[in-house]
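These notes concern the structure reproduced below.
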Amino acid sequence: MATILDGKAHADRMLETVRLGVEARKAQGLRAPGLAVVLVGDDPASQVYVRNKSAACARVGITSLEHRLSLDTPQANLDGLIDRLNADPDIDGILVQLPLPQGLDAKRALHRISPAKDVDGFHPMNQGLLLEGLPGLRPCTPSACMSLLAHHGVALKGLRAVVLGRSEIVGKPMALMLLEQHATVTIAHSRTRDLPAVCREADLLVAAVGRPGLVEGSWIKPGAVVVDVGINRVEDPGLAARIFACEPKKLETFQSKGAALCGDVRFGEALQVASAVTPVPGGVGPLTIAGLLANTLQAANG
Ligand code: GUN
């Protein structure tokens, strides 16, 4: 039976480190770090994320300011707000919540954020620094996953890592961070031939594709470490029956509520093959916000 890697517990440890860092600034007479969160439109999932970010900021003593813009905001107004936040000496970090409504150019907005305030680590300057292995603001989810692996003593040097997914936000930066730690990294994706066979080579499998239950137990090398970045809502009873076949309790919850959250990995099956696995929920999800607040403190400390 695999060890369950508790993301919530590790997020709590990371947040405590940030809280102490904020206190240390205050002890030196410096102001609290300031994070500006820009939310355009009324996407319900984004509203939940933004609320969770504000609550986490309050917990560690970071000042968070929300800027809510209407669904029909022109790009020029968003550009103007980013320019003002870039110039605001009380703001250390700027986060533009994604996805942006149709008609707004997310890349243009992200590229406009000052690299020094880019706490998401999505600006090409920060991505370039990561590519070169230099310090900078790094994407929150992969850097928090690296912190989780380090905490659990996963020795990355020389191991075979497969990153499933090639997004700018998780897959690509995760692969670079693993490479920096001397893992042998393969990036696999939807067009990879014989995906199960590629995954079976992995001593460390990181799944970040957003496909519920894609990774079956038979795709996992016995003893592998599995990090599941996916957070998917399943509503199809047929799919739920397959994904949760080894998790009777989860299937019961699904049947009573008509929906359930699951990762890209079939957790119940992974538990029987892997040596360690992150759950969904309670795995990588809580780590992302902890990574964001760590970045905000880093941006404030320059
Ligand atoms: N939407 C969902 N996750 C994220 C994230 O990590 N950063 C931003 N900016 N938007 C998101």
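These values consider heavy atoms only, across backbone and side chains, with no hydrogens, waters or symmetry-generated copies. All residue numbers refer to positions in the sequence shown, counting from 1. Start at 1 and go down the list; that is how both ligands and their atoms are numbered.
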Can you give each donor-acceptor pair under 3.5 Å made by side-chain atoms of residues 171-187, sequence neighbours left out, with the distance rounded to 0.1 Å?
unit_1, atom_1, unit_2, atom_2, d
Lys172, NZ, Glu168, OE2, 3.0
Glu180, OE1, Arg138, NH1, 2.8
Glu180, OE2, Arg138, NH2, 3.1

With Arg108, which residues qualify under salt bridge (charged side-chain N to carboxylate O under 4.0 Å, His left out), at least two apart? Asp79
Looking at Gly283 and Thr278, what are the two nearest heavy atoms and their distance? CA-CB, 4.2 Å
Once ring pair (Phe, Tyr, Trp, His ring centres under 6.0 Å) is applied, do any residues pair with His151, and if so which ones, sequence neighbours excluded? His10
Between Asp88 and Arg84, is there a salt bridge with N-O shorter than 4.0 Å? no
Report every pair formed by an N or O atom of ligand 1 and a protein N or O atom separated by less than 3.5 Å, giving atom names and the distance to 0.1 Å.
unit_1, atom_1, unit_2, atom_2, d
ligand 1, 1 (N), Gln97, NE2, 3.0
ligand 1, 1 (N), Leu98, O, 2.9
ligand 1, 7 (N), Asp120, OD1, 3.1
ligand 1, 7 (N), Asp120, OD2, 3.3
ligand 1, 9 (N), Val96, O, 2.8
ligand 1, 9 (N), Asp120, OD2, 2.6
ligand 1, 10 (N), Leu98, N, 3.0

So if you build clusters from Ile, Leu, Val, Met, Phe, Trp, Tyr with side-chain heavy-atom gaps below 4.5 Å, do Leu261 and Ile243 land together? no
